[in-house]
Novice: 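Got a structure here, written out as C-alpha cells. Questions coming.
The chains referred to below are lettered A, B, ... by the order of the sequence lines, with proteins before strands, and numbering in each begins at 1.
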Amino acid sequence: MEIKLVKSRQFVIKPTAPYNFDATLFKPSHYPDPLKVYEPGKYWFAMRFEDKIFGVKLVNCGSIDDPKVNLKLFYKERLSSQKLKSLLDELKFRCEFDVDLSEFYDKFANDRVLSPFLRRWRGMHESHTLDLYGLLMICIFLQNTVIRRTVQMTRAMLEKYGTLVKFDGREVFVFWTPEQLAKVSEEELRKLKVGYRAKLFIKSSRSWIAERINEFELRKLQTNEARKRLLRIYGVGPETARILLTEGLGKYDIFDHVAPWQQKILSRLLFNKPLVPASKIIEYANKRWDKWVALAVHYIWEDIFWRHARGEKIEWLDKEIRL
DNA sequence: CATCAGGGCCCTG
DNA sequence: CAGGGCCCTGAT
C-alpha cells in the first residue's frame, strides 16, 4: 500500500539544551532500513498516530547549545487543535526534545572514562522515532542472522505489508499493525524468506494484542515493571527487552544484557582487552554510571560507529561490524 | 561441492 | 539452568 501526503504545517521547536540534532536522530550503529531518510541536519520519517499516518520532516536550524528545530508535519486530513497538540507531544517524546540531560552532564563531567565522549557528542540523546511495535519487528529481524539478511527481510516484509508514505519528495515506510500481521498465515510469510521468524512475527503480534501492550502506559512504569510486561510477549527475551526499554521507551537506567558481539566491542572500548566476561562489563558500567548507565554506554557505543561510518580505520573493529 | 555461523529465543530435560 | 534447534544465505 502507499499513500501521498500533501498538506502540511510547520512548527518551530526549541529543544532543551544541549541538543545534538544529528547524533540524537541518526544512529550509525543501526542497520540501514527504508523507514527514514537522513541527511546531515535533516531527518524524514513517518508515523502512525491514533490510526492515522503522518509524515515528519525535521530540519536543524539551531546549534547544540541554542537548539532550534523546524518541524514540518504532513497529513491527509486536518487535525483538531487538541489532536494536534497530542501529536506534537508525542513527537516531543520520540525525539526527546524536552529531556533534560544536565544532571547527566554535571555528574560525569569529570568521569575519566566518559568525559571525552560527553565532549565529543554533547547533547546526544536516544531517539524513538519508531513506535514500540515497529521496534519489536526490527528486533526480530535482527535475531540470529547477519545484517545483510536482516536488511533483505525488512525490505521484503515492508514492501508486502507496510505502507509507503510519500511526502516532501521522499518515500519512507511505516510498519503494519499487530492486528494486520496477526491474520497472516505462516506459509505466506515464509515465501518472503524470513524462515522461522514467520512464526515469531505472527505469535508476537498476537501476544502483543493479547497482552494489551500500550506503550504510553509502559513509559510511565518503573523500568523493571515495564521489563516484566515486555518479557511476556512471545519472542521477547532479555536482549529485545533491553532494546525496547532504552530505544523504545526512553529508559536510561538499564544495562543488564550484553550479547557476545557487543561484548567483544565493549571489552576493547572499556578495558582495552580483547574479551572481558559479560558479567564484568555489566557490573562495571552499572556501578559507574548507575541510573544513567544506558545513556553512558550509548555514548561510547555510538562514538565508535560514527568513527567507523566516517571511514576511520579501526583495525580490530572491522571484523566485528559486518554490513 | 558441503559445511557453517550469524547483532536470540523458545523449549526441553 | 544449560544446550539444542530454528530458516536462510554468504563466506569458507
Novice: Heavy atoms within less than 4.0 Å of DNA chain B: which residues of residues 234-241 of chain A have one? Give them sorted by number.
Specialist: A/Y234, A/G235, A/V236, A/G237, A/P238, A/E239, A/T240
Novice: So, A/S207 side chain and A/A210 main chain: donor-acceptor pair closer than 3.5 Å or not?
Specialist: no
Novice: Rounded to the Å, how far apart are A/I138 CD1 and B/dG8 C1'?
Specialist: 16 Å
Novice: Is a donor from one side chain sitting under 3.5 angstrom from an acceptor on the other, for A/W121 and A/D303?
Specialist: yes
Novice: For A/F201, is the NZ or CZ atom of A/R197 found under 6.0 angstrom from the centre of its six-membered ring and inside 45 degrees of the ring axis?
Specialist: no
Novice: I need the CD-P distance between A/Q262 and B/dG6, as an integer number of Å.
Specialist: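 The distance from CD of A/Q262 to P of B/dG6 comes to 14 Å, rounded to the nearest Å.
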Novice: To the nearest Å, give me how far apart CD (A/Q263) and P (B/dG8) are.
Specialist: 13 Å
Novice: For A/D22 and A/Y43, does a side-chain donor sit closer than 3.5 Å to a side-chain acceptor?
Specialist: no
Novice: Please confirm whether the backbone N or O of A/H125 pairs with a side-chain atom of A/T24, one donor and one acceptor, at under 3.5 Å?
Specialist: yes
Novice: Can A/H128 and A/E247 be counted as having a side-chain donor-acceptor contact under 3.5 angstrom?
Specialist: no
Novice: Expressed in angstrom and rounded to an integer, what is the separation of A/L200 atom CG from C/dG5 atom C1'?
Specialist: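 It works out to 13 Å between those atoms.
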Novice: Find out if a path of hydrophobic residues (ILVMFWY) with successive side-chain heavy-atom gaps under 4.5 Å connects A/V165 to A/M157.
Specialist: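 A/V165 and A/M157: separate clusters.
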Novice: How does protein contact run along nucleotides 7-12 of chain C, one letter per nucleotide 5' to 3', with B for base contact, S for sugar-phosphate only, - for none, heavy atoms under 4.0 Å?
Specialist: BBSSS-
Novice: What is the separation between atom CG on A/L136 and atom P on B/dG8, rounded to the nearest whole Å?
Specialist: 14 Å
Novice: Tell me the interatomic distance from A/K264, atom NZ, to B/dA5, atom P, rounded to whole angstroms.
Specialist: 12 Å
Novice: How far does the P atom of B/dT12 sit from the matching atom of C/dC7, given to the nearest Å?
Specialist: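 Nearest-Å result for B/dT12 against C/dC7 at atom P: 15 Å.
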Novice: Whether A/R190 and A/E186 form a salt bridge (side-chain N of Lys/Arg under 4.0 Å from carboxylate O of Asp/Glu) is what I want to check.
Specialist: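 A salt bridge links A/E186 with A/R190.
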Novice: Please state how far atom CZ in A/R232 lies from atom P in B/dC9, giving the value in whole angstrom units.
Specialist: 18 Å
Novice: Heavy atoms only, 4.0 Å cut-off, all strands: where does A/S29 land among base, sugar-phosphate and nothing?
Specialist: base
Novice: Any chance the side chains of A/T223 and A/Y252 put a donor and an acceptor closer than 3.5 Å?
Specialist: no
Novice: So, are A/E187 and A/K191 salt-bridged, with charged N and O less than 4.0 Å apart?
Specialist: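 Salt bridge: no.
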Novice: Could you write out DNA chain C as a dot-bracket string, with dots for unpaired bases, | for bases paired across to another strand, and Watson-Crick or G-U pairs counted at under 3.5 Å?
Specialist: ||||||.|||||
Novice: Between A/Y234 and A/K203, is there a cation-pi geometry (under 6.0 Å to ring centre, at most 45° from the normal)?
Specialist: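 Positive - A/K203 is close enough to the ring of A/Y234 and near enough to its axis.
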